Structure formats: C-alpha cells, structure tokens
Amino acid sequence: MLKNLNPQQLAAVKHFGSPLLIVAGAGSGKTKFLTHKIAYIIDQKLTAPQHILAITFTNKAASEMKNRVQELLGEQCTEFPFISTFHSFCAYVLRKDFQSLNRPNNFIIYDSYEQQKLIKNILKNMDISKTSYTYNFVLAKISEFKNKLISYQDYATLPSNHILYDQVLAQIYEKYQQGLISNNAIDFDDMLFYTVVLFQRNPLVLAKYQTQFKYLLIDEYQDTNHAQYNLAKLLASQHQNIYVVGDFDQNIYSWRGANVQNILNFEKDYAQAKVLYLEQNYRSTKTILKAANGLIKHNQQRKEKKLWTENAEGEPLVFYKTKDEKQEAEYIAQKILSLKEKSEYQDIAVLYRTNAQSRVLEEILASQKIPYKLMGGFSFYSRSEVKDIMAYLRLIYNQADNQAFIRALSKPSRGVGQTSITKLLNQSQATNLSIYELIKQNKTNLATKQTQSLKSFATLIFELEQYYQTLTEDKIGKLVKSLLKKSGYQQMLEIENTPISLDRLENIKEIISITKNENLELGDFLNNIALISEIDNTVNLDNAVTLMTMHNAKGLEYKIVFIAGMEEGLLPHYRSKNIPEALEEERRLCYVSLTRAKEQLFLTAVDDRLIFGELWKRPTSCFLDEIPQDTLLIMEEEKSYSGHPHSIVYKSKEKFKNNQAFDHDFNVGDKVKHKIWGEGIIHNLEGIAEKSIAHIRFNGESKKLMLKYAAVTKV
DNA sequence: TGTAAACCGGTTTTT
DNA sequence: CCGGTTTACA
Ligand SMILES: Nc1ncnc2c1ncn2[C@@H]1O[C@H](COP(=O)(O)OP(=O)(O)OP(=O)(O)O)[C@@H](O)[C@H]1O
C-alpha cells in the first residue's frame, strides 16, 4: 500500500503521537500523503474508519479523496471515513446539535441570492439603499465579522474607535441576524460560526465529536480562516491527532478571510508539532516548474522553499496574443483540435480569472463541436428556472415556506401581483399562519379573481404533495415531471419557444437526472442544495475539456492547461493592483494556475476586451515578464508585435475607446482630503480607469466622486 | 391591480 | 451584457 511513496511521505504516514504539518510546494504529493495516511490508519486498525475526519477544500476534492482511499483499501473497506469540506462537516454537526444553542436542527441554508435579498430589504427599510452601504459591501463586512467569530452582540459593544466598528453596520448586522433567525435560516459563514460557538459553549457536545473523530486531517491548510482554525483546534485539543498539509504559496482565499498565519504558526499552536517538507515535484516538467518557481520568487512576503523534479525538460510555455476575446477563444479551440491527435479532451483544462470569461469560450467550443464541461461557479442552482422549480419543491416539502410560495405562485403568472402578495405577507405575519394556511382556511381578504387563483394554486400544491407520498422510487424526478405539466410551467416555456426557453427546459430536466441515481428524499435534497454547488452541470460528459476559474483549479492537475486572459486588469485583477498584499495573492493565483499543468501550458491575452459592451485596451500581464523568458515561447500573430509584451502598438484603424488613459492609485481604506468636504475615508472603489468612482465617507456623509475630476488628495 | 417594457447599476475569486 | 427594479400602461 505504501510502495509508491517517497521516504519523506513514508515517514509522515508512519508518524503518530504528535501533530504533524507538511509544508510543500505544488505537485509534491501532499494530497497523496493524506490519502495514504487515512488508508494506513484504517489498514493498521488504529481506529475504525468512521472515527477519521478528513477536511478538503471543495466537495469535489472530498469525493475524489474518498475514491482514492477506497482504491487503496480495496475490499476491506466497509465503513467509511468522514471526508468533507469544513462547511459540510458543520452542516452535519448543526443538523444534530444546533438545538443545544436553542435553534432548530431543521434550519435552511441561505445561498448568496437569498442573503442578498434579505440585506437589500433591510437597507431599503432603513432607507439607506442609496448610500455608501451597498449590499455587497455590507455582506462582505458581515462575512468578515463572522469569520473572525464576532457575533452581532459582540460587534455592537466594540468601542466606537475600534477599526472594525461602524454604528450603521452594527444595526444592519443585528437586523440581518434576526432576519435569518426568523426564517429559521443560517448562511455559509454561520455554519462555521455556530459550530465553533457550539463547541465553545457546550463541552459535552464538543467531547462527543472529539470521541467520534479521533483523527483529524486537513488539506490546503494555508487557506483556512480564523473560524476554521478554531474549529480544528477545538476538535484536536484532546487527542492531538491532527495532520495538516499546505503551501503558503498557494494561499489564494485571503479575500474570504483565509489567514496564512494559521500555517506559519502551526508549530506555536501545537507545541509538540513535527514539521516535514516535501521538495520533489512529481507533476510537471522541468520547464513548467522553472516558470512557476521563477514567477513566485517575485513575491516579497514569502519564505523561500525548494521544489525540483526529475521529470523531462518538456516543451516551453506558449504565449499567444490575439485581437479580442473571440479570437482568443478561437485560437484555444483550434489548438485543442490539433492537440486532439495526441491527447484526449479530458486531459485539457482552460483556466480563467473571472466567470464572465467562460461565455465566449463556451460559445466557440460549442461551435467547433468540442465537448466541454463547466466546473463550479454559481452555476446551476442559481439559474432562475432552477430556482423556480426549487421553489415548487420547497413548497411541496414545507407549505409554511412563504418565500417559496410567492416565487412558485408567480411563475407562470397567475394574476396575483405585488399588492395582493404584500397583503398576504402582512396577514401571515400578523396571524402567525402561513400564506398556504390562510388560503386553506378561507381567511384571505382579496378580490374574487385573486382568491380563486390562489385557491387553485393551493390545491395544485396539495395534489402534488399527495402524489409525492405515493411514489416509491425516483421520487423527485417523477414529482418534477408532474409539476412541470400541472403547474403550466412547461407550457409557459413551450409557448415562448425561444432558444433560451428551450435551454431552460433542458436545465430543469437536469434536476431530474441529478436526483435520479440516488434515491433521494425531498427533504435531504433540499437541505443540502446550498452545499452542492459544484455539480458539473453537463450530463456525464466523460471525455470533455474542462473550463473553470483559476480558484476552482486548486488541487487539480491536467496534462495540458490553457490560461486565458493574461492581461493587466484581469490577472492581476484591477481591484488588486494597487494593494501590495492583494497583488502578491494574484501572483500566487498565477503560480497555482501554472502548476496545474503536467506537460504543456498555453497562455493567451487580447489587445481589446469587451467589458459591459465596451472595448477596453489591455496591456499584457506583468506576470508574463516575471516568468523566466527562456521557458517562454512568444508566438507572433502580426508584425505589429515586436517581441516585448508591453511594446505592443495598436495599429488597427477601428474605433475604440482608449479607456486606460486615466489612472489613479487610491485604495479602499485610504484617508483623503477634499477642498470642500474636508477629510474622509474611501470605503469603496468602482469602475476602472477614467470611470473610477470613489465612495468617500466625510464626517458622516458619504459621496460618490469621479476620481478623474474630483479634487481629492491622499493624506 | 398585474404585467410588459424601459431603465439602471454592477464585475474578481466561493463554501 | 444581464438581471433586478422601477415605471407606464392596460
Ligand atoms: N511519491 C510519489 N511518487 C510518484 N508520484 C507521486 C508521488 N507523490 C505524488 N505523486 C504524484 O504527483 C502528483 C501530485 O500529487 P498531489 O496532488 O498529491 O500533490 P499536492 O502536493 O497535493 O499538489 P498541490 O499542492 O498542487 O495540490 C499526483 O499525480 C501524484 O500521483
């Protein structure tokens, strides 16, 4: 079982009795160590499989790890270790023990869309929707507080000169939490937050989980946040059987509260800790590794570490610049087709910085008949048609769910509009009865037309619920099929009969096929949806090119990797470029992307990119200059390209806006001075180049100023 | 009162 | 460009 490990990995697998940290670069076999360690613990019968808890970064990584462990153990595996993300683990704990914090165990998990709706509502009611407290800003702040384990009560009592404190935020935070509580909901950050609180406040519950999970293993430890760090510490505090791996150069989630100090301080936190290093990379060619190592050296805030390989020299990285993103996608498609002679589609991945980039890639790949699968993103479950169907399912499962009632009711429209809905909601709140109950008990107070419509809708839901009860297998699939017909939803799409509506119908059918294999109950399905965001929404395409964001590529490997959009503004992203720490994170992100490749790397960039329907001129990414030039082959498209990425001269006579003429170096958090309003603080920046707008709070009052014209200076 | 059509505002990255 | 929200009209 341990044959394929090198001496360091072997030593690590056999190490017991004290905490262990492995720090090592990309592709050095950290994840491989974890899977073998789990298998070894089981094989040696040190404990039963179900007493092992392994934490991965994504659900996909978790299921991959499960498969690996199973392969290693073969037949002898009857019970399984608990392998999941922090969030899924917390959901598991809270479904069992949330009641110990006086909250029901059958909470629902709000996704970001529902969070947004709640916040928007609060801002509207407080009459501050048009101020600097944008919902994005507020949500990011609340997330930050929760990750730092600051409850809204704690927050409210912070001294008013505390850096984090803001009186308005304190109010919003409280209202937001109360909103969640009254809907019996928690958000993603709450999962971690409440689990930590539960363990801290309730030693008995903690002890139960400490006994249940005698071994704790964590992948990607460099990207744990404060709450996750505390969770691990609590779980391991008795037995100290904690084994973590990570790479500080792959810390790419600090914007979400991930704190690289957690890995740097591991030895301080666990006094007996042993630290091991892996230095041999088994994944990539010498050229790829040289390129990646050369790039990451440019980070100042970094410990040096070795990473070498015995693999072949390999091909140079290829850089190709095109006129626009369409041609970029065409180049990638064409390259994929020519690579197809030697490689399979499944060996190829295309990475990009922002989800918005995937659109063009999808279109062009589809037009060239290249099969692809889109991984991750807020893809599937946030599409409006999927949400509509989910609303029906939620309502069938729980008729008291007013939110679901309203959404289902208005798709397709049933002649009941905003006014009636508001009345119903108010009545529901006043009487403590759900809208569904009100209708059933004839307690509504509306015009006949609306009442009739509501009645038949309620009957529809009742009948569907009855139908569901009679089913025995493939229950959700059959239910969805039936509701599509009876609700008129399918008819609505068929009448529209546009390509888009047909697409929507396809997506809904996807729900049917997702739920098919496992004989899922409605409740289990609905409860876990927020957690399974990463379903590949393409139907079991085995041999297909993978499209995903760079963040999603973490931990994965492909024979051939394309990196699209190697441009200033995209990588590094314009929001990061004036903040040194953020810029270094962008560089790490580039490092992660490069090191996904085993054999070949293609980097592309464009001259002009269409953003919000406007053409923007784009310089090539500074990171391209930082990659050792002898690993890089720059393909020339036209003679206008003179060899150095920054010396490109745009020769076309086409009209375009030269949008990069103006620039600034203000950042969020900067103190600034204005002629009229005096001193203020920038709390948000939007737009780019000449359209940059700063949101500045002057002495209580907030202003949005265009930096190109505004007379503000840094102080 | 409900719905369709204009309108406005927002782009990192995700569990 | 897209989706959520406001507005104008039936
Ligand atoms: N001792 C070994 N001998 C041969 N191949 C190995 C060895 N260790 C790991 N590998 C291979 O190297 C590749 C990278 O391993 P793994 O994914 O475990 O690295 P990692 O350190 O987790 O990488 P990353 O930090 O990029 O996620 C895998 O294909 C793995 O099978």
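We use all heavy atoms of the structure for the numbers below, so side chains are in, but hydrogens, waters and symmetry mates are not. Proteins come first, then strands; the chains are lettered A, B, ... in the order of their sequence lines, and each starts at number 1. Quick caveat: nothing in here was measured; it's all calculated off a predicted structure.
Per the geometry, CZ belonging to A/Phe188 stands 15 Å off C1' belonging to B/dT13, to the nearest Å. Distance, A/Lys554 NZ to B/dT14 C1': 11 Å, rounded to whole Å. Note: CG (A/Leu351) to P (B/dT13) measures 14 Å, nearest angstrom. For the pair A/Tyr352 OH and B/dT11 C1', the interatomic distance rounds to 15 Å; values are reported in whole Å. In this structure, CD of A/Gln357 is placed 16 Å from P of B/dT11, rounded to the nearest angstrom. A/Asn147 has its CG atom 10 Å from the C1' atom of B/dT15, to the nearest Å. Here B/dT15 presents its P atom at 16 Å from CD1 of A/Ile186, a figure rounded to the nearest Å. As rounded to whole Å, 16 Å separates atom P of B/dT11 from atom NE2 of A/His551.
For the pair A/Glu220 and A/Lys30, the salt-bridge criterion is not met [side-chain N within less than 4.0 Å of a carboxylate O]. A salt bridge does not link A/Glu363 to A/Lys326: none of the charged nitrogens lies less than 4.0 Å from a carboxylate oxygen.
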Subject >> Secondary structure string for DNA chain B (Watson-Crick or G-U under 3.5 angstrom, | for other-strand pairs) >> reply: ||||||||||.....
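You cannot call A/Tyr253 stacked on the base of B/dT14; the centres under 5.5 Å and planes under 30° rule is not satisfied.
For A/Arg95, the side-chain contact (heavy atoms from CB on, under 4.5 Å) criterion is met by A/Phe107, A/Ile109, A/Asn527, not counting sequence neighbours. Every residue two or more places apart in sequence or in another chain was checked for a salt bridge (Lys or Arg N to Asp or Glu O under 4.0 Å) with A/Arg256, and none qualifies. Taking A/Gln250 as the reference, A/Asp247, A/Arg596 meet the side chain to side chain donor-acceptor pair (under 3.5 Å) condition, with sequence neighbours excluded.
Side-chain proximity of A/Asn136 to B/dT13, B/dT11, B/dT15: nearest is B/dT11. With B/dT13, B/dT15, B/dT11 as the choices, the nucleotide that has an atom nearest any side-chain atom of A/Arg575 turns out to be B/dT11.
Checked by atom type and distance alone, the side chain of A/Ser143 never pairs as donor or acceptor with a backbone atom of A/Leu139 at under 3.5 Å. Within the 3.5 Å criterion, the main-chain N or O of A/His226 finds a donor-acceptor partner in the side chain of A/Asn230.
In the displayed structure, A/Lys455 atom NZ is contacted under 6.0 Å by more than 12 heavy atoms of other residues, nucleotides or ligands.
Toward the 5′ end of DNA chain B lies the nearest nucleotide of A/Tyr135, the other residue of the pair A/Glu585 and A/Tyr135 mapping further downstream.
Note: A/Phe457 and A/Phe405 meet the aromatic proximity criterion, with ring centroids under 6.0 Å apart. For A/Tyr352 and A/Phe562, the ring centers sit 6.0 Å or farther from each other.
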Show each protein N/O and nucleotides 2-8 of chain C N/O combination with a separation under 3.5 Å, one pair to a line.
{"residue": "C/dC2", "atom": "OP1", "partner": "A/Arg359", "partner atom": "NH1", "Å": "3.3"}
{"residue": "C/dC2", "atom": "OP1", "partner": "A/Arg359", "partner atom": "NH2", "Å": "2.8"}
{"residue": "C/dG4", "atom": "O3'", "partner": "A/Lys120", "partner atom": "NZ", "Å": "3.4"}

Polar atom pairs (N or O), protein with nucleotides 2-6 of chain B, under 3.5 Å:
{"residue": "B/dG2", "atom": "OP1", "partner": "A/Gly417", "partner atom": "N", "Å": "2.7"}
{"residue": "B/dG2", "atom": "OP1", "partner": "A/Ser420", "partner atom": "OG", "Å": "2.6"}
{"residue": "B/dG2", "atom": "OP1", "partner": "A/Gln450", "partner atom": "NE2", "Å": "3.3"}
{"residue": "B/dG2", "atom": "OP2", "partner": "A/Gly417", "partner atom": "N", "Å": "3.4"}
{"residue": "B/dG2", "atom": "OP2", "partner": "A/Thr419", "partner atom": "N", "Å": "3.4"}
{"residue": "B/dG2", "atom": "OP2", "partner": "A/Thr419", "partner atom": "OG1", "Å": "3.4"}
{"residue": "B/dG2", "atom": "O5'", "partner": "A/Gly417", "partner atom": "N", "Å": "3.2"}
{"residue": "B/dT3", "atom": "OP1", "partner": "A/Gly415", "partner atom": "N", "Å": "3.1"}

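Contact annotation: A/Asn355 reaches the phosphate of B/dT13 (side-chain N/O to OP1 or OP2, under 4.0 Å). For B/dT14, the OP1/OP2 oxygens have no side-chain nitrogen or oxygen of A/Asn59 closer than 4.0 Å.
Using cut-offs of 30° and 60° on the angle between ring planes, the pair A/Tyr92 and A/Tyr209 is perpendicular.
A/Glu567 pairs in a side chain to side chain contact (heavy atoms under 4.5 Å, CB included) with only one of the listed residues (A/Val606, A/Leu624, A/Thr604), which is A/Val606.
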